[in-house]
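Worth knowing before you read on, the calculation uses all heavy atoms, side chains too, and leaves out hydrogens, waters and symmetry mates. Residue numbering restarts at 1 for every chain, and letters A, B, ... go by the order of the sequence lines.
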Protein chains: 2
Amino acid sequence: MGAMDAHQHSTTGTGTATADLARQLRARGLRLTPQREQVLSAVRALGHATPEQIGERVPEVDLTTIYRTLELLEEIGLVRHAHLGHGAPSYRPAEDDHVHVVCHTCGKVVDADPSLVDAMAERLHSERGFLLDRSHFTVFGRCRECAEAE
Amino acid sequence: MGAMDAHQHSTTGTGTATADLARQLRARGLRLTPQREQVLSAVRALGHATPEQIGERVPEVDLTTIYRTLELLEEIGLVRHAHLGHGAPSYRPAEDDHVHVVCHTCGKVVDADPSLVDAMAERLHSERGFLLDRSHFTVFGRCRECAEAE
DNA sequence: GTCGTTGCAAAACGTTTGCACACCG
DNA sequence: CGGTGTGCAAACGTTTTGCAACGAC
């Protein structure tokens with residue numbers, strides 16, 4: 001089991017996940033390996049995952065390789081990461097474009113619409129010429145439940 | 001050298017930094033120690049600092065104590081921390097209320113006005129009852145200089 | 001004198017590096 | 001076959017923990 005995961009993320013329009021990967025790698029003179037397919041597949045299946053969680057799902061791939069692969073996949077533009085707390089970063093498919101909202105008290109993570117930061121992005125751009133990276137972005141605070149429980 | 005730092009942060013209105021600290025500690029049955037005064041003093045003097053940088057400024061205090069003290073000072077509400085990059089967190093006096101804007105490319109950190117996030121805070125609150133913590137907040141992206149250099 | 005607090009040593013945690021072998025193209 | 005990619009082991013930077021001694025109140 002394991003060879004047949006058919007996540008139909010409509011990435012670049014044409015082609016499956018692996019085809020995207022192969023294309024991007026070839027364009028840079030890099031190689032398509034089973035490990036790279038497996039790690040990308042795991043990220044797509046998990047949605048949000050730390051390097052360690054990915055390692056648990058693909059035990060046959062060494063953790064070192066997972067770190068190196070995630071870095072590569074991020075350069076290629078197939079995955080992204082964000083820091084959702086004090087621990088390890090969380091990786092996800094690049095197509096999942098959203099802003100993370102994390103409760104300091106209960107640790108719950110909610111995905112919010114990227115448009116949430118549009119006003120801020122606009123202001124940073126016009127006032128400072130700063131281009132905000134919406135994906136690498138976490139908002140902390142207290143969720144309704146935790147606020148009420150206090 | 002060292003004993004005379006007179007940072008007149010108008011904290012709770014009355015009293016000096018140490019008086020604030022002593023009051024807050026006593027209210028919880030905790031003790032005012034030289035180490036706690038020194039660490040708070042260092043944070044106020046440095047403005048932004050990692051635990052290690054604080055340790056360099058107050059070498060007679062053990063790093064372990066610095067970690068424990070920063071945690072305590074944050075609970076008490078006298079300091080705050082934010083994550084400005086992949087490394088160690090940065091601590092600052094609680095009175096310094098601002099939002100951090102960090103360039104991914106050159107690493108430069110700019111302090112922005114807290115009102116920058118007001119629209120987002122308002123929306124999160126009305127739509128989800130979420131109370132945003134403005135101080136623990138970092139915005140990543142690319143600054144004008146780095147964007148132009150590309 | 002009590003009990004909160006400290007320093008030291010060691011462990012834990014997440015990540016990176018060096019190197020010989022494996023295998024994609 | 002050549003050079004990229006992998007696994008293993010070890011180093012690394014940061015933070016936490018356990019414990020005996022210390023000192024604020």
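B/E60 comes within 4.0 angstrom of sugar-phosphate atoms only, judged by non-hydrogen atoms across all strands, and of no base. At a threshold of 4.0 angstrom between heavy atoms, the contacts of B/T33 are confined to the sugar-phosphate backbone, with no base atom among them.
Computed from coordinates, the A/Y67 OH to C/dT17 C1' distance equals 14 Å when rounded to whole Å. Going from atom CD of B/Q38 over to atom P of C/dT6 covers 10 Å, rounded to whole Å. Taking atom CD on A/E52 and atom P on C/dT16, their separation rounds to 14 Å, with Å as the unit.
Protein chain A contacts DNA chain D from D/dG2 to D/dA9, reading 5' to 3' and using non-hydrogen atoms of the protein with a distance under 4.0 Å.
Qualifying salt bridge (charged side-chain N to carboxylate O under 4.0 Å, His left out) partners for A/D118, counting only residues two or more places apart in sequence or in other chains: A/R134. Considering only residues two or more places apart in sequence or on other chains, A/E122 meets the salt bridge (charged side-chain N to carboxylate O under 4.0 Å, His left out) condition with none of them. Remark: B/D62 engages no residue in a salt bridge (charged side-chain N to carboxylate O under 4.0 Å, His left out) (not counting sequence neighbours).
The base of C/dG7 sits with one of its N or O atoms less than 3.5 Å from a complementary donor or acceptor on the side chain of B/R68.
Taken over five-pair windows at either terminus, the axes of the helix from C/dG1-D/dC25 to C/dG25-D/dC1 are inclined to one another by 30° (rounded to 10 degrees).
Nearest heavy atom pair, residue B/A82 against residue B/H136, reads CA-CD2, 3.7 Å.
In this structure, the side chain of A/E74 engages the main chain of A/H81 through a donor-acceptor pair within 3.5 Å.
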Please tabulate, one pair per line, each protein N/O and nucleotide N/O from nucleotides 1-3 of chain C that are separated by under 3.5 Å, including the distance.
from  : atom 1 : to    : atom 2 : distance (Å)
C/dC3 : O2     : B/R31 : NH1    : 3.2
C/dC3 : O2     : B/R31 : NH2    : 3.1

